[in-house]
Amino acid sequence: MAVVTGKCFLVTGPPGVGKTTLVMRVVESLRASHPELNIQGFYTREIREGSQRAGFEVVTLDGRRGPLASSTASSRESLRWPCVGKYKVDLASFEAIALPELEVKEGTDLFIIDEVGKMELFSSLFFPAVLKVLESNIPILATIPIPKSGRDITEVSRLRNHPVAAVSTLNTGNRDAIRETIYTQIVSLLQKH
């Protein structure tokens, strides 16, 4: 068993490898084995129209949801939204759903942040909230994108290189083993509290 050096578990890997699925399976396992845990945070989910990905939504662990990004948004407001590829990022919706989930509160056992990526980082309020969570000493399970062309996003690099961060790079062959390792390490951390 690896020694737990950090309280911030970062999962990275190429798009579609299963980062969000891993995080959600860890949350399901934790809720099954430790129903008293207070887990807060959010994850992002694809929105599909037929076989095409039309965007993403942000979903809290208690089920509130709202749009994060869309390739089909065509309102007057959406003309001013920042873009990542073909997707327009709905910052107001993202901030209304995600930021309250990052408030450090008494009694929170674990934060889930899926993901700290380019779309989310268009919000000037998002990364400072992530740093507050990091400084709170409450364990975090988060996903980050893999560097593109060897270049990392500045904020992602700060997380990746943080002294309390442990980074796991996912591929189709190691997903189950990494999920088990992260689950075990989080349980062991929570038992020390």
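Fair warning: this is a prediction, and the values are worked out from it, not measured in the lab. Atoms considered below: every heavy atom in the structure, side chains included; atoms not considered: hydrogens, waters and symmetry mates.
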What residues, two or more places apart in sequence or in another chain, satisfy ring-ring contact (aromatic ring centres under 6.0 Å, His included) together with Phe94? Phe42, Phe126
Distance, nearest 0.5 Å, that separates CG of Asp90 from CD of Glu57: 12.0 Å
How about Tyr183 and Glu28: do any of their side-chain heavy atoms sit closer than 4.5 Å? no
Hey, is the main chain of Glu36 close enough, under 3.5 Å, to the side chain of His34 for a donor-acceptor pair? no
Give a yes or no on whether Lys148 atom NZ has more than 12 heavy-atom contacts from other residues, nucleotides or ligands under 6.0 Å away. no
Interatomic distance, Glu120 atom CD to Glu95 atom CD [nearest 0.5 angstrom]: 11.5 Å
Whether Ser93 side chain and Pro67 backbone form a donor-acceptor pair below 3.5 Å: yes
What pair of heavy atoms forms the shortest contact from Leu10 to Ala165, and how long is it? CD1-CB, 3.9 Å
Carefully, step by step, assess Leu134 and Leu131 under the rule side chain to side chain contact (heavy atoms under 4.5 Å, CB included). CA-CA 5 Å; Leu134 201 55; Leu131 290 178; 4.3 Å; yes
Stepwise, does the side chain to side chain contact (heavy atoms under 4.5 Å, CB included) test hold for Arg160 with Ile144? CA-CA 8 Å; Arg160 184 188 302 275; Ile144 55 174; 3.7 Å; yes
Decide yes or no on side chain to side chain contact (heavy atoms under 4.5 Å, CB included) for Ile97 and Arg65, but give the supporting numbers first. CA-CA 7 Å; Ile97 301 287; Arg65 61 185 60 219; 5.8 Å; no
Quick check on Lys132: does its NZ atom have over 12 non-hydrogen neighbours (other residues, nucleotides or ligands) under 6.0 Å away? no
Is there a side-chain contact between Thr143 and Val116, using heavy atoms and a 4.5 Å cut-off? no
Any chain of hydrophobic side-chain contacts (each under 4.5 Å) joining Ile112 to Leu37? yes
Modelled atom types, side-chain donor and acceptor of Tyr43 and Thr60, under 3.5 Å: no
Interatomic spacing from OG in Ser70 to CH2 in Trp81 - rounded to 0.5 Å: 7.0 Å
Would you compute the distance between atom CG of Asn174 and atom CD of Glu180 and round it to the nearest 0.5 angstrom? 13.0 Å
Here the pair of heavy atoms bringing Thr108 nearest to Gln40 is OG1-OE1, 2.8 Å
Where Ser136 and Val104 come nearest, the two heavy atoms and their spacing: CB-CG1, 3.7 Å
Going through the checks in order, is the side chain to side chain contact (heavy atoms under 4.5 Å, CB included) test met by Leu110 and Ile186? CA-CA 9 Å; Leu110 175 67; Ile186 289 174; 4.3 Å; yes
On a heavy-atom basis, the closest approach of Phe127 and Leu159 is CE1-CG, 4.0 Å
Decide yes or no for Ile113 and Val23: does some side-chain heavy atom of the first lie under 4.5 Å from some side-chain heavy atom of the second? no
Taking atom CZ of Arg48 as the centre, does the number of heavy atoms from other residues, nucleotides or ligands within less than 6.0 Å exceed 12? yes
Drop me the distance from Leu68's CG to Phe122's CZ, to the nearest 0.5 angstrom. 11.0 Å
Taking all non-hydrogen atoms of both residues, which atom of Ile153 and which atom of Pro145 are closest, and how far apart? CD1-CG, 4.1 Å
Taking the side chain from Glu115 and the backbone from Thr12, do they hold a donor-acceptor pair closer than 3.5 Å? no
Are Met24 and Ile47 grouped together when hydrophobic residues (ILVMFWY) are joined by side-chain heavy atoms under 4.5 angstrom apart? no
Taking every heavy atom of Ser75 against every heavy atom of Ser78, the minimum-distance pair comes out as O-OG, 2.8 Å
Any link between Leu170 and Ile146 through a network of hydrophobic side chains (Ile, Leu, Val, Met, Phe, Trp, Tyr) touching at under 4.5 Å? no
Taking Ala54's backbone N and O only, do any of them form a donor-acceptor pair with Ser71's side chain (distance below 3.5 Å, no angle check)? yes
Roughly how far, to the nearest 0.5 Å, is the CZ atom of Phe9 from the CG atom of Leu22? 12.0 Å
Mark yes or no for whether Arg175, through its side chain, and Val17, through its backbone, hold a donor-acceptor pair below 3.5 Å. yes
Side chain to side chain, Asn137 and Lys7, heavy atoms closer than 4.5 Å: yes
Given Asp114 and Lys19, is the salt bridge (charged side-chain N to carboxylate O under 4.0 Å, His left out) satisfied, shown in steps? CA-CA 8 Å; Asp114 172 42; Lys19 298 182 291 288; over 6 Å; no
Using 4.0 Å as the upper bound for N to carboxylate O, is an ion pair formed by Arg64 and Glu101? yes
